[in-house]
Protein chains: 2
Amino acid sequence: MSFNILYLHLDYTRRKMFSKACKYAINAMIYVATLPEGQERAGLKEISKAINSPEAFTAKILQELVRHDLFSSVKGPNGGFHIQGNPNKIFLSEIVEAIDGDMLFTGCALGLEKCSEDHPCPVHHKFLAIRDHLTGMLMTTSLRDVADRVNIGISFLKY
Amino acid sequence: MSFNILYLHLDYTRRKMFSKACKYAINAMIYVATLPEGQERAGLKEISKAINSPEAFTAKILQELVRHDLFSSVKGPNGGFHIQGNPNKIFLSEIVEAIDGDMLFTGCALGLEKCSEDHPCPVHHKFLAIRDHLTGMLMTTSLRDVADRVNIGISFLKY
DNA sequence: ATATTAAAGGACAAAAATATCCTTTAATCT
DNA sequence: AGATTAAAGGATATTTTTGTCCTTTAATAT
C-alpha cells in the first residue's frame, strides 16, 4: 500500500516551515485569545476540539507553553488554560521560539556550524532578507491581531 | 545526561527551514557545480567529504536527485555524479522540491487542510508575502550563482 | 472532609527522519 | 573474459517527532 515509497523511504516530500507541535501551539493560543471577556479560559478538551488536534499530544504542548509563561493553567473544575499577559503584547515569534526554538531565525539554512558574515554558506546573503522578513513578521504579529480575524469571521482555525 | 530534557522529550528546539536531506542535496549540487571544466564529475566519497555529510545517507539522497534528473550518474571506475543540464538553469527551488516537496511553498503555515483565500487560516495573509519572497528567491537563485561564490572564495560548503 | 474535575507528569508506542551496512548491478581497465 | 571500481538498491538500526495511556497532583464543589 505504498505507491510513492517504491523508491526508498526517503519520500518525506511534505516538509513544512513549522513542526506540528508548533502549529498546535499557535492555534491553541489563537483560540484562547478569541474567547470573550469574562470567560477567557479554556480546558484541554475544548481547545483540542476547537483546533482539531490530538488531545494527549496537545496536552504536552500546552504544558510547555505554561512553562514558557505564555499560558497559565488552573487545575480542577472550571480549570483550564488562559493567556498569561496581554494578547496585544504576545507575538507569534514567542510561541514559535518556545516550541521550535530559534534556529529558524538564527540557524544557517544549509546547516553550516559556524555560518556568519565572515564565513558564510553559499546562500547566506540570499537568506538574510528572507529571515528578516519572516522574523519581522512574526515579531510584529500579535495574538490579538490574528485572534480578531477569527472573531470577525474572516479566518479559521480548522479544516 | 540530559539537562534540558528534564521536561519531556518535547525539546526539539532546533527546527530548521529545510530537512537535513535537503541541505545535503543542495550542498552536494553546489559542490559539483564548483568543479572545473573537464572534470565536472565527482564520486560519493568526494562529495560527502567536501560537504561534510554522512556518506551512506548522502548516497540515498544523490540517488533521489538522479531520479529527479538533477544529477546523472555513471558507475564503475571514474564514475560518479554530474549535473544534468546547465547549472545556470537549475534553481535551488528544484532541489528543495525534489527532496522536501513543495509544502514549504504551497502548504498552510498552520496546517489547515483547505487553507485558501476563501477559507484562510489566521496567518494566511501574513505568510503570503513571506512565501512569495522565499520561493521567488529560490526560483531565481541558480546553482551557478552560488557555486561561483564558493569558487571565488567568498562562501563555504563546510564548518 | 470527601468526591469530582482537570492539569501535570511519567511511561510507553508509532511514525517519520536520519543513518549504516551489505549485496547487486553496471561501468571501466587489464 | 575477468578483475576492479563505484553507483543502485535492499534491509536494518537509531534518533527524533508525534502520539497515547495511565497515575499523580491540585484545584473546586458538595
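Residue numbers begin at 1 in each chain, while the letters A, B, ... track the order of the sequences. All figures in this text were calculated on a predicted structure; none of them were measured in a lab.
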State whether the side chain of A/Thr141 and the backbone N or O of A/Leu138 hold a donor-acceptor pair below 3.5 Å, judged by distance alone. no
note: B/His68, atom NE2; D/dA8, atom C1'; distance rounded to Å ~ 16 Å
Comparing nearest nucleotides in DNA chain D, the 5'-proximal residue of the pair A/Phe18, B/Leu62 is B/Leu62
Would you mind reading off the distance between A/Arg67 atom CZ and C/dA7 atom C1', rounded to a whole angstrom? 11 Å
Interatomic distance where CZ belongs to A/Phe57 and P belongs to C/dA15 [whole Å]: 15 Å
Are B/Glu64 and B/Arg67 close enough for a salt bridge, meaning some N to O gap below 4.0 Å? yes
Interatomic distance, A/Glu55 CD vs D/dC21 P [rounded to whole Å]: 10 Å
Within this structure, what is the CG-to-P distance between A/Asp100 and D/dT16, rounded to whole angstrom? 15 Å
For residues 69-82 of chain B, which residues have at least one heavy atom under 4.0 Å from DNA chain C? B/Lys75, B/Gly76, B/Pro77
Rounded to whole Å, the CD1-P distance (B/Ile51 to C/dA19) equals 11 Å
Counting side-chain heavy atoms from CB outward, which of C/dA7, C/dT18, D/dG10 is closest to B/Ala21? C/dT18
To the nearest angstrom, the NZ-C1' distance between A/Lys23 and D/dT18 comes to 12 Å
Does the D/dG19 base have a donor-acceptor partner in the side chain of A/Lys20 within less than 3.5 Å? no
Would you check if there is a donor-acceptor pair between the side chains of A/Thr58 and A/Ser53 at a distance under 3.5 Å? yes
Please give, in whole Å, the distance from C/dT18 P to B/Lys16 NZ? 10 Å
Is the side chain of B/His119 donor-acceptor paired with the backbone N or O of A/Lys158 at a distance under 3.5 Å, no angle test? yes
Does a side-chain N-to-carboxylate-O contact under 4.0 Å join B/Asp145 and B/Arg149? no
Measure from the side chain of A/Pro54, starting at C-beta and using heavy atoms only, and say which of D/dT18, D/dG19, C/dA8 lies closest. D/dG19
If we ignore angles and hydrogens, is there a donor and acceptor under 3.5 Å between the side chains of A/His82 and A/Ser72? yes
Has B/Tyr24 got a side-chain N or O lying under 4.0 Å from the OP1 or OP2 atom of C/dT18? no
Go through the side-chain N and O atoms of A/His68 and A/Glu97 and say whether any donor and acceptor fall under 3.5 Å apart. no
I'd like to know if A/Gln63 reaches the base of C/dG9 with its side chain, counting only an N/O donor and acceptor under 3.5 Å. yes
